[in-house]
Q: 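Quick one: the structure is below, and I'll ask about it shortly.
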Amino acid sequence: TCPARFEAEVKTFHINNLNTSAVDLTAKAVISSTDIPLVTTKSIAADAIVDLLNSRPIALKASDTIVATAGTASSLNIVITVSETFTG
């Protein structure tokens, strides 16, 4: 979630599946209370690393969020890089 009085740019969004089988991923941005799907049910292969944004950043304003969900009883490692700017 982008903090109050800040704007943010999500620069990278990498997903790593360390499980022995594929795991489904669903991810969305919630911008001004509107859901914007980033990916709907993408299968991440075992031991795979995926760059979800493909070098296309996402801009967030205060209270905007990114939500990622792994498939049932599965887990994924997610690493993002964010640049935040104080807006006062």
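It should be emphasised that the depicted structure is a prediction, and the values quoted were computed from it without experimental measurement.
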Q: Could you tell me the separation between the OG1 atom of T87 and the CZ atom of R5, rounded to the nearest 0.5 Å?
A: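 One gets 8.0 Å once the value is rounded to the nearest 0.5 Å.
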
Q: For residues V30 and I80: do they belong to one hydrophobic cluster (side chain heavy atoms under 4.5 Å, members Ile, Leu, Val, Met, Phe, Trp, Tyr)?
A: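 No, because V30 and I80 fall into different hydrophobic clusters, even though each may have its own neighbours under 4.5 Å.
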
Q: Got a second to check how far E9's CD is from T81's OG1, nearest 0.5 Å?
A: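 Output value for this atom pair is 11.0 Å.
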
Q: Determine the minimum heavy-atom distance between S21 and A46, stating which atoms define it.
A: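 Residues S21 and A46, closest heavy atoms: N-CB, 3.7 Å.
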
Q: Please examine the side chains of V23 and S75, heavy atoms only from C-beta on, and report whether any two atoms are closer than 4.5 Å.
A: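 The answer is no; the side chains never approach within 4.5 Å.
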
Q: Would you say the side-chain atoms of N77 pair up with the backbone N or O of N17, donor to acceptor, closer than 3.5 Å?
A: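 Flag not set: sc N77 to bb N17 has no pair under 3.5 Å.
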
Q: Locate the shortest heavy-atom distance separating A48 from N16; write the atom from each residue and the value.
A: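 That closest heavy-atom pairing would be O-ND2, 3.2 Å.
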
Q: Please name the residue in the list V39, I78, I44, V10 that meets the side chain to side chain contact (heavy atoms under 4.5 Å, CB included) test with L52.
A: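 Output: one option passes, namely V39.
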
Q: Are I36 and I66 connected into the same hydrophobic cluster when the rule is that any two of I, L, V, M, F, W, Y join if their side-chain heavy atoms are below 4.5 Å apart?
A: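 I66 clusters together with I36.
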
Q: Nearest 0.5 Å please: distance from the OG1 atom of T1 over to the CG atom of D64.
A: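 Between atom OG1 of T1 and atom CG of D64 there are 9.0 Å.
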
Q: Between S83 and K11, which heavy-atom pair has the shortest distance, and what is it?
A: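 The answer is CB-CE, 3.3 Å.
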
Q: Say whether F6 and V82 are linked into one hydrophobic cluster, either directly or through other cluster members, by side-chain heavy-atom distances under 4.5 angstrom.
A: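 No, separate clusters.
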
Q: Check L25 against A68 and note the closest heavy-atom contact, atom names and distance.
A: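 Heavy atoms of L25 and A68 come nearest at CD1-CB, 4.2 Å.
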
Q: Among pairs that include at least one residue of residues 24-44, which meet side-chain hydrogen bond (donor to acceptor under 3.5 Å, both in side chains), considering only residues two or more places apart or in two chains?
A: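 Output for this query lists K28-D35.
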
Q: Please give me the minimum heavy-atom distance between P3 and E84, naming the atom from each residue.
A: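 Where P3 meets E84 most closely, the heavy atoms are CD-OE2, 3.4 Å.
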
Q: Pair L53, T12 - check side-chain contact (heavy atoms from CB on, under 4.5 Å), show working.
A: CA-CA 6 Å; L53 299 181; T12 65; 5.8 Å; no

